[in-house]
Amino acid sequence: MDTEDDPLLQDAWLEEEDEEVAFSSRKRREGALLCGRSPCRVRPLRVTLPVSGFWNIVGWVFTNPYCAGFILFLGCAIPAVLAVVMFLHYPALDIDISYNAFEIRNHESSQRFDALALALKSQFGSWGRNRRDLADFTSETLQRLIFEQLQQLHLNASHLGVSARVRRSAPQGRTSSPKPHGHLNPGNRTSRTARAAPRWDYSSAYISANTQTHAHWRIELIFLARGDSENNIFTTERLVTIHEVERKIMDHPRFREFCWKPHEVLKDLPLGSYSYCSPPSSLMTYFFPTERGGKIYYDGMGQDLADIQGSLELAMTHPEFYWYVDEGLSAENMKSSLLRSEILFGAPLPNYYSVEDRWEEQRRKFQSFVVTYVAMLAKQSTSKVQVLYGGTDLFDYEVRRTFNNDMLLAFISSSCIAVLVYILTSCSVFLSFFGIASIGLSCLVALFLYHVVFGIQYLGILNGVAAFVIVGIGVDDVFVFINTYRQATHLKDLRLRMIHTIQTAGKATFFTSLTTAAAYAANIFSQIPAVHDFGLFMSLIVSCCWVAVLFTMPAALGIWTLYVSPLESSCQTSCNQKCTKKSALHLAEDLFIAPEATSRAGRETLPYLDDDIPLLSVEEEPVSLEMGDVPLVSVMPENLQLPAEKSNRGHLITRLQELLEQWVLWSAVKRRWVVVGLFLLVLLLSIFFASRLHPASRAPVLFRPDTNIQVLLDLKYNLSAEGISCITCSGLFQEKPHSLQNNIRTSLEKRKRGSGSPWGSKGSINLQGTVYISKSRSKGRPAVYRFSLNASVPAPWQMVSPADGEVPSFQVYRVPFGNFTRKLTACVSTVGLLKQTSPRKWMMTTLSCDTKRGWKFDFSFYVAAKEQQRTRKLYFAQSHKPPYHGRVCAAPPGCLLSSSPDGPTKGILYVPSEKAPKAKLSATSGFNPCMNTGCGKPAVRPLVDTGAMVFVVFGIRGVNRTRHLDNHVIGDMGSVIYDDSFDLFKEIGNLCRLCKAIASNTELVKPGGAQCLPSGYSISSFLQMLHPECKNIPEPNLLPGQLSHGAVGVKDGKVQWISMAFESTTYKGKSSFQTYADYLKWETFLQQQLQLFPEGSALRHGFQTCEHWKQIFMEIIGVQSALYGLVLSLVICVAAVAVFTTHILLLLPVLLSILGVVCLVVTIMYWSGWEMGAVEAISLSILVGSSVDYCVHLVEGYLLAGENLPLHQAEDPRVCRQWRTVEAVRHVGVAIVSSAVTTVIATVPLFFCIIAPFAKFGKIVALNTGVSILYTLTVSTALLSIMGPSTFTRSRTSCLKAVVGVLLAGLLGLCICLVLLKSGFKIPLPNGTAL
């Protein structure tokens, strides 16, 4: 057949001739070619390809080996050069993987809080828990200004004397000198301002005097009780476990090089063995004291557990105690589900003179040291205690390690796809390499545009998704080019074949890439920087990927056909001849067709892979499509049948093609109305369930829920916030050494002297005891063993002998001691026994006795789980046969341990050796400090910042960011705009009245949560002298030494601004949508109060702000922006598909399919228990773009089939639509299924990511891909076969009409918006404002 005889290659969009020809005239021209032979055969139309002009040049360039090679060289060189330029001549990208990357800088909540934060920073130098100069400076300065005001009011000097006596003393460890009343020393003020950058201003001339004396770093530990319903952390087993973890931290070989060494620890003699390093700031200092010289030291270094109740009573006398426990603990309920601990590390390090001396070098040394704890701490959790670890350095290390580990999964994903591409390209290494390389190199170009052209300096955490998704998207385009090139093998002229490939595949991939890029680009309008950057980055990658594939793949296919394909064919032939057996699936066979194959064989041999000629290059008989099993077309080959070896090639793809043809015959021909009916039913149900998807009811989850870092984030809402530093809250600093003589009798001795004590060792306080074993044996029955703490052996029991692995007795611990903390319980039962032979049976378990099976508690003891010094290894097990008794033996066979793994009633135990010295209870074991005189009343629970801290600010109008437009959290925050009309002393009465009003609102503020002044106890006594409203100002209930969150800003002797702080009732663990109601309550109440002030009062410019408000608006506006992005991407996709299809009846099936896919995906999300959060909303915004790809490819095949419509099919519109639909699936079916498979494979590794947005995004994309390909092969084919235009073909005129229609539709929408705006209707915008 001549190469010009293929009507498939008529490209209606690119022909230079006039294409507005009526279908009837074309039909008459085709009829002139009909022959008179019977049966009637349709001869293909002879067509002339555009072999001149632009397309002739394009075909020549890509088929010329030198030009094609040069294009491949440029395709590799240009990205490499751009990458080198970017990395060498531009600042490195800052990878921002923090949660603050989602902060909306230009939102009102962020602007308010940033203005306050900037004012604090400019005044005091820092914002956080180490703001130690705040109380001093504000107290002294505000006192001075109050004195000046009092002098102006002509008050007598006695008031000044009173104020001097009540002046607040400096914090511990700092010295203060008297300040003159008239003015503040300018030099002192300058020195305070200069000290803003570093946290401390310590200058040490000698290393020995100052080394490691300043607490500068920390490790946070949180111990969670688990394993039972009570979840009380204050049990013996759990406290011993916690103590062991803390001791392991201190036993680190390098701990002494970095530990904190305050001068207070020098009085604690037992700490000398640890170079006087401070022990962890923990309640273990109360539970494990040490005894030295007749005194009790509360340092947590003891080996024995003191009395739990007494230790708690002593610790509760200090308000600092509540820092360590949860909010549920009280004097009536002395139980806590968690226990908090801090390990402090000091600076300067050895060989450094001060904290500032080579600070970055000190910080790097500490970071390299502290990360060595991660592996150890990750293994410390037990069945009863979960150990969580954090701190700034450890938490950042965990986050970055998690991010890097998740990114490694992208390489696994890429490797799997590369293998699949290798298989689907006929095992061609050449095509597989350039297919994957074109995708990878396009990422470098996109990164260059993102960083250099658009000037974005940050790479957010969401951008990591690109490493997974882009491979699947790019491979789709690669498959379309390869599939199109393969289907044009009937063209002998390589240039014509290349032109056809570029025209057909380039156009189809352009529109699919356009819709996908538009879906991602819709997120550019998001106000959240991380989402904005993600949308821009992904749209750039998709666009660059299409351009790279458009140039690389034609050039690679040209060189492959000329040079590489013959070599691969010869190699495969040689390998096949050497093989003794042929594989059942010939995956290694050539999927591309030899150039000499020019005709299609029959469907029976299915030469789809070897002689794929255009859709209509066949000799056909008219056959009805409703004839059930009759083939759609009866193919009569013009040439001889291919050899059997050829017909077996590509068996895997052949079977896939057969399956798709059978599928489309069912969905588009036989059961098309059934498919449409089911689709409409599913669509209605999906809309119903999708509408029930409600907003998120909890804070966003950033990591997998069971990980250390996510549990820490969840617990953050129950713990104290930044304003509390508790480095001196432990018993080491709160308690003086107690005399042991006052403790007459310990609680353990009381238990020992009580009746019924099982150990029976009068006067002895040994920790160890002995378990004796005897047995009872009868004829025909197995021996039953007895465990007892008594050495006597009553009848019918007999002592066992050490022979045959028997163990007559072994040593145990009565209480946890050292590493002997594994608790074993001996249970006794009489079920299933004969009283005359063995009246009872015993067994051992690590759990409690199973009362349902008749087991009752007898006694318990403690052993070691791992081998220790001077220990003995024994085995215990419960028999699997009646009477199901237990046994202890010296070797595994006797205890049946070789048959199955360890369990609660089977395992290994390590007991003290008989020759080991007997351990004695220390004097602190069971020590009760409150035994005689009691410990006093429990302290009142202070505020520990568990609620959101709300600030009411006056004197600040906002923040100026006119010079900083990047809207990114890492960028410059701008400058503060102050209110020059604000006068503190003029408005002092109104401020005091407002403070009382807010503090009395119990719906908004916790009792004792008002912090109206910088240092609540030192200033309030002066204010009542200025105004009567300032009497009885509410004072906060703070920890000793805890800083007030209230602050004032002073400049040039004038108070510029003031912020009053209130601990709100808002729980920070609630969802953003629930917390938004609290925000509205605060805003409404404050505005009502401000309206009570006079019209010209500067207080009317006041505002309320909270860091938590910023976080809730991240998610709220994120969801709103994503939903707007969903609508925008839908509009763009509709416009693109309308221009592509140029017919309303082709656009409608695509739109219905997209609607069905999106609704079904949302419904599955609802059924899975998901809620609409930021991640879900962002994922939905790209569903439209990714859903439309397969439908567009199907419509492209439908249009191509229409350009080659046989005469007998055109007579019946119904048959014509069905024929075109089947041919469309035959043309693009394998390509789109392969694309779907690669996309799913690319996203499956995301399921295993620890970062929750990655995992959820991957699940949504995979789900969307599966639903899209299913709907394309069922719903879209059925709709096309029912409503598709039967004889329509694209032309320039139809394309022009489509463009005009889209423009008119857009103009109509704009007019409607203008009319709504003029009528007063407010159109909401993605940033939360209205247009």
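All figures in this text were calculated on a predicted structure; none of them were measured in a lab.
- Tyr373 places a side-chain N or O within donor-acceptor distance of the main-chain N or O of Ile249, the cut-off being under 3.5 Å.
- Counting only heavy atoms from C-beta outward, the side chains of Ile1250 and Asn405 never approach each other to under 4.5 Å.
- At least one side-chain heavy atom of Leu339 sits less than 4.5 Å from a side-chain heavy atom of Leu283.
- Arg238 places a side-chain N or O within donor-acceptor distance of the main-chain N or O of Arg226, the cut-off being under 3.5 Å.
- The environment of Lys856 atom NZ is sparse: at most 12 non-hydrogen atoms of other residues, nucleotides or ligands sit within 6.0 angstrom.
- In terms of the disulfide (SG to SG under 2.5 Å) criterion, Cys1249 has no residue partners (sequence neighbours excluded).
- The closest donor-acceptor contact from the side chain of Arg218 to the backbone of Gly391 lies at 3.5 Å or more, if one exists at all.
- Here the side chains of Ser829 and Arg853 are not in contact, with every heavy-atom distance at 4.5 Å or above.
- A side-chain N or O of Thr770 and one of Gln811 form a donor-acceptor pair less than 3.5 Å apart.
- Gln212 and Tyr276 form no side-chain donor-acceptor contact under 3.5 Å, judged by distance and modelled atom types alone.
- With respect to the salt-bridge test (charged N to carboxylate O, under 4.0 angstrom), the residues Asp850 and Lys852 do not qualify.
- For the pair Leu312/Tyr286, no side-chain contact is recorded, criterion being any heavy-atom separation below 4.5 Å from C-beta on.
- One N or O on the side chain of Gln380 and one on the backbone of Met376 form a donor-acceptor pair closer than 3.5 Å.
- Here the side chains of Ser341 and Met284 are not in contact, with every heavy-atom distance at 4.5 Å or above.
- For Tyr389, the side chain to side chain donor-acceptor pair (under 3.5 Å) partners at least two apart in sequence or on another chain are Glu398.
- Counted by atom type alone, Ser337 and Asn231 present zero donor-acceptor pairs between their side chains at under 3.5 Å.
- Between Ala890 and Leu874, the shortest heavy-atom contact is CA-CD2, 4.3 Å.
- At distances below 3.5 Å, not a single donor-acceptor pair connects side-chain atoms of Asp299 with backbone N or O atoms of Asp268.
- Residues Thr241 and Lys384 fail the side-chain proximity criterion, which asks for heavy atoms closer than 4.5 Å.
- Applying the ring pair (Phe, Tyr, Trp, His ring centres under 6.0 Å) test to pairs two or more places apart or on separate chains, those with a residue in residues 217-238 are Trp217-Trp359, Trp217-Phe366, Phe234-Phe287.
- Between the side chain of Gln362 and the backbone N or O of Leu349, at least one donor-acceptor pair lies under 3.5 Å.
- Salt bridge annotation for Glu237-Arg822: absent, with no cationic side-chain nitrogen under 4.0 angstrom from a carboxylate oxygen.
- Lys365 has no carboxylate O lying under 4.0 Å from a charged side-chain N of Glu257, or vice versa, which leaves the two without a salt bridge.
- Looking only at distances, no side-chain donor or acceptor of Ser275 sits under 3.5 Å from a matching main-chain atom of Cys277.
- Under the 4.0 Å criterion applied to side-chain N and carboxylate O atoms, Asp858 and Arg840 are not assigned as salt-bridge partners.
- Ring geometry for Phe345 against Phe369 counts as perpendicular: the plane angle is over 60°, on a 0 to 90° scale with 30° as the lower cut.
- Within the 3.5 Å criterion, the main-chain N or O of Val831 finds a donor-acceptor partner in the side chain of Lys841.
- Counting heavy atoms from C-beta on, the side chains of Leu388 and Leu224 come closer than 4.5 Å.
- A distance of 4.5 Å separates CD1 in Ile296 from CZ in Phe927, rounded to the nearest 0.5 Å.
- You'll find the side chain of Glu246 stays beyond 4.5 Å of the side chain of Met301, heavy atoms only.
- Side-chain N or O atoms of Tyr772 include none that pairs as donor or acceptor with a backbone N or O of Met799 at under 3.5 Å.
- Looking at Ser788 and Asn790, their side chains never bring a donor and an acceptor atom within 3.5 Å of each other.
- Distance alone, capped at 3.5 Å, is enough to place a donor-acceptor pair between the Gln710 side chain and the Phe703 backbone.
- Of the candidates Ile242, Leu338, Asp326, Ile233 forms a side chain to side chain contact (heavy atoms under 4.5 Å, CB included) with just one, namely Ile242.
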